[in-house]
Amino acid sequence: MNFDFTERSLDLQAKVSAFMQEHIYPLEQEHTAYVEANPWQHFPPMESLKQKARQAGLWNLFLPKGYGDFSPGLTNLEYAPMAEQMGRVLWSSEIFNCSAPDTGNMEVLAKYGTPSQQARWLTPLMEGRIRSAFLMTEPEVASSDATNIETSIVRDGDDYVINGRKWWSSGAMNPSTELFIVMGKTDPNADRHTQQSMILVPKDTPGVTVVRPLRVFGSYDSPEGHAEILLENVRVPKENLLQGEGAGFSIAQGRLGPGRIHHCMRLIGAAQRSLEMMCDRVTKRTTFGKEVSKYSSIRQDVAKSKCEIDQARLLTLAAADKIDKGGAKSAKDLISMIKIVVPSMACGVIDRAIQAHGGLGVSQDTPLARFYSYARCIRLADGPDEVHMYQLGRNTIRTYSDLV
Ligand SMILES: Cc1cc2nc3c(=O)[nH]c(=O)nc-3n(C[C@H](O)[C@H](O)[C@H](O)COP(=O)(O)OP(=O)(O)OC[C@H]3O[C@@H](n4cnc5c(N)ncnc54)[C@H](O)[C@@H]3O)c2cc1C
């Protein structure tokens with residue numbers, strides 16, 4: 001593995017960093033106040049920030065080489081440090097058109113969409129004109145096993161008719177969201193992994209009801225939000241199916257690989273910034289006649305955090321490198337490893353930073369509370385920790401069991 005970044009990546013890293021310093025960090029407090037006071041509305045400076053990023057060539061950086069004209073040409077390894085920087089301000093990814101769940105949805109459309117599906121949905125997503133949501137999880141079944149999904153997708157003449165209830169559909173509350181990628185079953189009697197299909201559903205299709213936004217630790221995560229959605233006799237043309245009947249499970253696997261690595265890269269950025277904030281804060285406060293930074297327990301917390309972040313970053317870069325060299329399938333164990341390691345690492349580091357900040361750490365005056373909420377949620381989203389351990393444990397036993 002060679003983790004030396006290319007000239008191009010170094011140049012873009014410097015540009016993303018400068019852009020964030022000039023345009024994003026100064027707006028953080030204003031953004032927090034705005035989204036709390038105005039749920040489901042766009043932060044007014046957002047559009048002009050997106051235009052600026054696009055003009056600066058900092059646009060769609062996530063889409064890896066190999067997607068032809070759609071891709072700006074970076075490898076996952078080249079993109080990793082940029083995603084890390086974006087993770088330092090959670091709402092900044094959208095400014096570079098690199099935010100979840102759109103990145104995963106764009107990859108699905110780029111990889112599996114027909115030319116007409118791409119013209120209708122991928123182009124406006126790549127241009128940042130619309131946003132999208134991914135509807136897999138259902139309240140009625142344990143959705144960490146995707147084969148449990150019960151939403152039905154039934155062929156009727158030239159259409160498919162969809163019925164089911166989804167929840168935790170991230171981005172569905174966003175006023176710019178126009179597309180839902182829905183996973184359901186076309187053939188409940190087929191083999192366990194070919195029962196599922198994915199279908200494109202415009203949000204305004206009759207029969208689609210956004211029932212309610214779900215809160216995360218009391219916050220709406222506005223303007224994206226996470227919705228509960230009812231699908232009642234939702235009728236879409238047969239051309240909206242992705243790939244073909246029975247391809248849903250394998251598309252989901254393909255989608256979640258890159259999505260997981262992006263979350264991990266962002267979380268490393270959030271953890272790194274939390275550590276920097278912690279180091280700064282402990283030099284600014286004194287208790288019992290001593291600067292807080294001088295206490296051994298604080299130094300241990302800082303040291304542990306530094307070790308854990310650097311370990312997690314190297315593992316994530318190794319996963320990115322493996323995906324670049326052999327595809328997401330070849331990197332599946334490393335993707336499980338980072339999904340197990342990084343969100344928990346981030347929870348621990350951010351928790352220590354919160355502690356060192358005292359009451360300030362849980363307030364809205366620093367990003368720490370939102371970082372914690374994000375990290376904690378990623379221990380569940382895109383597969384809970386235990387599911388990745390279950391699979392990684394199985395694969396590891398298979399690999400090593402005959403060697404002794
Ligand atoms: C903030 C947030 C955003 C999300 N965004 C989306 C989205 O955009 N689209 C979408 O479709 N879903 C989304 N999700 C849903 C998420 O992917 C699911 O919550 C997750 O897959 C778990 O499914 P579940 O909630 O049904 O839990 P269940 O499947 O009921 O699992 C509950 C718990 O059981 C345990 N468990 C399960 N399997 C095993 C095992 N093999 N070994 C040991 N323990 C096990 C784990 O502790 C697990 O957390 C989001 C969730 C959150 C919190």
Side-chain angles (χ1 to χ4, degrees), residues 90-91 93-94 99-108 125 131-151 162 164-174 177 179-185 196-201 203 210-231 242 248-249 251-260 262-263 266-267 270 335-336 339-340 343-344 346-347 369-397:
L90 292 182
W91 51 276
S93 301
E94 185 187 347
S99 52
D102 301 286
T103 51
N105 293 341
M106 286 188 259
E107 282 208 57
V108 164
L125 279 167
R131 299 201 61 195
S132 60
F134 182 67
L135 280 59
M136 183 161 79
T137 303
E138 299 177 1
E140 299 305 328
V141 293
S143 304
S144 45
D145 177 354
T147 63
N148 284 338
I149 296 308
E150 285 180 345
T151 290
I162 307 157
R165 186 183 290 270
K166 300 288 185 180
W167 76 344
W168 290 111
S169 308
S170 298
M173 300 301 299
N174 191 313
T177 293
L179 172 67
F180 292 162
I181 300 184
V182 177
M183 175 138 152
K185 281 189 179 166
Q196 304 79 11
S197 300
M198 268 192 213
I199 195 153
L200 306 175
V201 178
K203 184 179 173 183
V210 176
V211 178
R212 60 173 177 150
L214 297 159
R215 291 176 192 262
V216 176
F217 291 124
S219 162
Y220 274 142
D221 275 356
S222 175
E224 280 73 29
H226 313 277
E228 178 174 337
I229 296 170
L230 186 60
L231 305 162
L242 277 168
F249 193 85
I251 298 175
Q253 297 301 97
R255 181 191 181 281
L256 291 173
R260 286 169 183 146
H262 294 164
H263 278 311
R266 286 186 211 105
L267 280 171
I335 292 171
S336 288
K339 186 66 178 55
I340 294 162
S344 283
C347 280
R370 287 180 299 283
F371 285 166
Y372 186 82
S373 166
Y374 175 49
R376 186 64 190 81
C377 286
I378 302 300
R379 288 194 56 206
L380 294 166
D382 287 358
D385 292 359
E386 295 87 348
V387 173
H388 290 283
M389 291 189 212
Y390 180 65
Q391 286 161 355
L392 179 67
R394 178 200 58 199
N395 296 348
T396 306
I397 290 166

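In listed order, ligands and their atoms are each counted from 1. Values in this document were obtained by computation on a predicted structure and should not be read as measured data.
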Logged contact type for Asp385 with ligand 1, heavy-atom cut-off 4.0 Å, is neither
Is it the side chain (CB and beyond), the backbone, both or neither of Asp382 that lies under 4.0 Å from ligand 1, heavy atoms counted? backbone
Any Lys/Arg nitrogen of Glu94 or Arg131 sitting under 4.0 Å from an Asp/Glu carboxylate oxygen of the other? yes
Once you restrict to heavy atoms under 4.0 Å, what part of Tyr390 touches ligand 1? Side chain, backbone, both or neither. side chain
Note: Arg165-Glu138 ion pair, threshold 4.0 Å (strictly below): no
Looking only at protein heavy atoms, which one is nearest to atom 9 (N) of ligand 1, and what is the separation? Phe134 O, 2.8 Å
Is atom 44 (N) of ligand 1 less than 4.0 angstrom from at least one protein heavy atom? yes
Looking only at heavy atoms, is any part of His226 under 4.0 Å from ligand 1, and if so is it the side chain, the backbone, or both, or is it neither? side chain
Given the protein's heavy atoms, is any one of them under 4.0 Å from atom 6 (C) of ligand 1? yes
Between side-chain atoms of residues 386-393 and protein atoms elsewhere (two or more places apart, or another chain), which donor-acceptor pairs fall under 3.5 Å?
residue: His388; atom: NE2; partner: Asp382; partner atom: O; Å: 3.1
residue: His388; atom: NE2; partner: Gly383; partner atom: O; Å: 3.3

Atom 19 (O) of ligand 1: the protein heavy-atom neighbour that sits closest, reported with distance to 0.1 Å: Thr137 CG2, 4.4 Å
Would you mind running through ligand 1 and noting each atom that sits below 4.0 Å from a heavy atom of Leu380? 20 (C), 21 (O), 49 (O)
For atom 32 (C) of ligand 1, is there a protein heavy atom at a distance under 4.0 Å? no
Tell me, please, which residues at least two apart from Arg215 pass side-chain contact (heavy atoms from CB on, under 4.5 Å). Tyr220
How far is atom 38 (N) of ligand 1 from the closest protein heavy atom, and which atom is that? Val387 CG2, 3.4 Å
Check whether any side-chain N or O of Lys339 sits under 3.5 Å from a backbone N or O of Ile378 as a donor-acceptor pair, and report yes or no. yes
Short N/O distance, under 3.5 Å, between Glu138 and ligand 1? no
Verify the contact flag for atom 36 (N) of ligand 1, where contact means a protein heavy atom under 4.0 Å away. no
